[in-house]
Amino acid sequence: MPVTATQADLEIYRRELTGYCYRMLGSAFEADDAVQETMLRAWKNADSFEGRSSLRSWLYKIATNVCLDALRGEKRRALPMDLGPSSPPLESLLRPWPAEDVWVTPIPEVTVMPEHGDPAEIAALRDSVRLAFVTAVQHLPARQRAALILCEVLKLPATEAAQVLDSSVASVNSALQRARATLAELPDHQRPSEVEPENAELLERYVDAFQRYDMKALLALIHEDAVMTMPPFELWLQGNIDITAWMVQPTASTCAGSVLVPVRANGVQAFGQYKPDRAGGYQPWGLQVHEATDGKFSRFTWFLDTGALFPLFGLPPHLDEKP
């Protein structure tokens, strides 16, 4: 008797497929489109699924082909530190990158993380959607990227990954070796680092210091070699001295008096930042997605496309008062 897949069967895998497509494509919006296309192709061909492989593997094969098609001939997504050297904290250097679709974008955690599961496995999945990891794998050719994610993130055996990629086990193992070598050769500021479990005390101190706009207190929370980026601007900063100096520049200083609204993004506690609105209340300024190691912040990322990102994260378009 033929085995078919129902719509309910397919929907079970939506979150993990979204995580996979996000790691491949580096964009929450493109990942959603890719999963929609995967589900459409799967539904149209549900009668042809005969159970010769697992439904999960079959869906990953479709999703991989969708992602490889999307990546054909496209420039890779990145963050500013992947495209040039750091800059001094000078407002005159603040200019947007010409291309609008070059940046890695954040993704709401709820769209990619399982509701339940083994705590260790969930922690590993969170690490694999962090901005540092997602940005680093964009340096890899598409098939190497897929092999690395399938084998090292999703823990598929090489034989199953080979079926997904329409390849041989030897080719998958070779792709893995090349991918690991490429990532190992990245500069320190582009390479994903080990992260500690979420530090509630550090986050509380950060929110308090930022909302008071206390540069001395913030300086103590930031690693000396930390990096700060602000897509869509190409300028990026390195070092806690330059980062805090930037925050009191004329434009950046308009963030004084901001309020932070917590959200979950890319496996970490993130914040929607609202700065004071001259007309009253608070207006959206940026989505902060930061990473910490060894008790201090090592990466600061402000995503300033609030028109697209705040609705994605369920953040209101304006605050009339402090939450």
Side-chain angles (χ1 to χ4, degrees), residues 79-81 83-84 86-98 100 102-106 131 202-223 226-263 265-266 268-292 296-323:
L79 286 177
M81 63 269 201
L83 303 178
S86 62
S87 304
L90 300 176
E91 194 148 357
S92 60
L93 301 176
L94 191 66
R95 52 185 177 268
W97 192 264
E100 295 181 359
V102 70
W103 307 117
V104 168
T105 71
L131 286 173
L202 177 65
L203 290 169
E204 289 174 5
R205 292 171 63 195
Y206 172 74
V207 170
D208 174 66
F210 189 85
Q211 291 187 154
R212 290 187 294 105
Y213 225 57
D214 182 338
M215 293 303 113
K216 183 177 180 181
L218 283 172
L219 185 69
L221 304 179
I222 306 172
H223 279 293
V227 298
M228 175 182 178
T229 63
M230 298 161 287
F233 296 108
E234 62 179 288
L235 175 147
W236 67 279
L237 307 172
Q238 185 160 31
N240 56 0
I241 299 295
D242 280 359
I243 290 170
T244 50
W246 170 263
M247 290 184 180
V248 293
Q249 290 281 334
T251 296
S253 65
T254 62
C255 291
S258 290
V259 296
L260 301 180
V261 178
V263 293
N266 293 80
V268 299
Q269 180 69 71
F271 302 97
Q273 178 190 340
Y274 294 79
K275 69 177 185 177
D277 186 344
R278 290 181 179 178
Y282 300 86
Q283 61 183 335
W285 174 247
L287 185 75
Q288 300 186 15
V289 187
H290 307 328
E291 295 180 8
K296 291 187 178 183
F297 289 99
S298 54
R299 287 175 179 256
F300 282 95
T301 309
W302 268 263
F303 292 96
L304 303 183
D305 185 7
T306 58
L309 293 176
F310 273 41
L312 180 66
F313 283 84
L315 289 163
H318 191 271
L319 295 178
D320 294 330
E321 56 186 18
K322 288 185 178 181

Output all residues satisfying salt bridge (charged side-chain N to carboxylate O under 4.0 Å, His left out) with D277, sequence neighbours left out; order by chain, then residue number. none
Shortest non-hydrogen contact from [X] toward [Y]:
X    : Y    : answer
L79  : V104 : CD2-O, 4.0 Å
G272 : L315 : CA-CD1, 3.8 Å
P276 : G257 : CG-O, 3.7 Å
Q273 : C255 : NE2-SG, 3.2 Å
P106 : N266 : CA-OD1, 3.2 Å
P80  : P231 : CD-CG, 4.0 Å

Does [X] have any ring-ring contact (aromatic ring centres under 6.0 Å, His included) partners at least two apart in sequence or in another chain, and if so, which?
X    : result
W285 : none
F313 : none
Y213 : F210

Between [atom1] of [X] and [atom2] of [Y], what distance do you get to the nearest 0.5 Å?
X    : Y    : atom1 : atom2 : value
F233 : S87  : CZ    : OG    : 13.0 Å
I243 : L219 : CD1   : CG    : 9.5 Å
I222 : K296 : CD1   : NZ    : 9.5 Å
F303 : L131 : CZ    : CG    : 4.5 Å

Those residues that, when tested against [X], pass side-chain hydrogen bond (donor to acceptor under 3.5 Å, both in side chains) (two or more places apart):
X    : result
Y274 : none
T254 : K275
D305 : none
R205 : none

Side-chain donor/acceptor of [X] to backbone N/O of [Y], under 3.5 Å:
X    : Y    : answer
Q249 : P89  : yes
H318 : P284 : no
Q211 : L260 : yes

Using the ring of each side chain (for Trp, its six-membered ring), is W103 parallel, tilted or perpendicular to W97, with breaks at 30° and 60°? perpendicular
Just so I know, are the side chains of [X] and [Y] near enough to count as touching, which here means a heavy-atom distance under 4.5 Å?
X    : Y    : result
H290 : W302 : yes
L312 : L287 : no
P232 : L304 : yes
P323 : V259 : yes

[X]: which residues meet the side chain to side chain contact (heavy atoms under 4.5 Å, CB included) condition with it, sequence neighbours left out?
X    : value
P250 : E91
D214 : R212, K216, A217
P317 : none

Quick one: which residue pairs count as a side chain to side chain donor-acceptor pair (under 3.5 Å) with a foot in residues 231-248, not counting sequence neighbours? R95-E234
Polar contact flag, side-chain donor to acceptor under 3.5 angstrom, Y206-Q269: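 Side-chain D/A pair, Y206 to Q269: absent.
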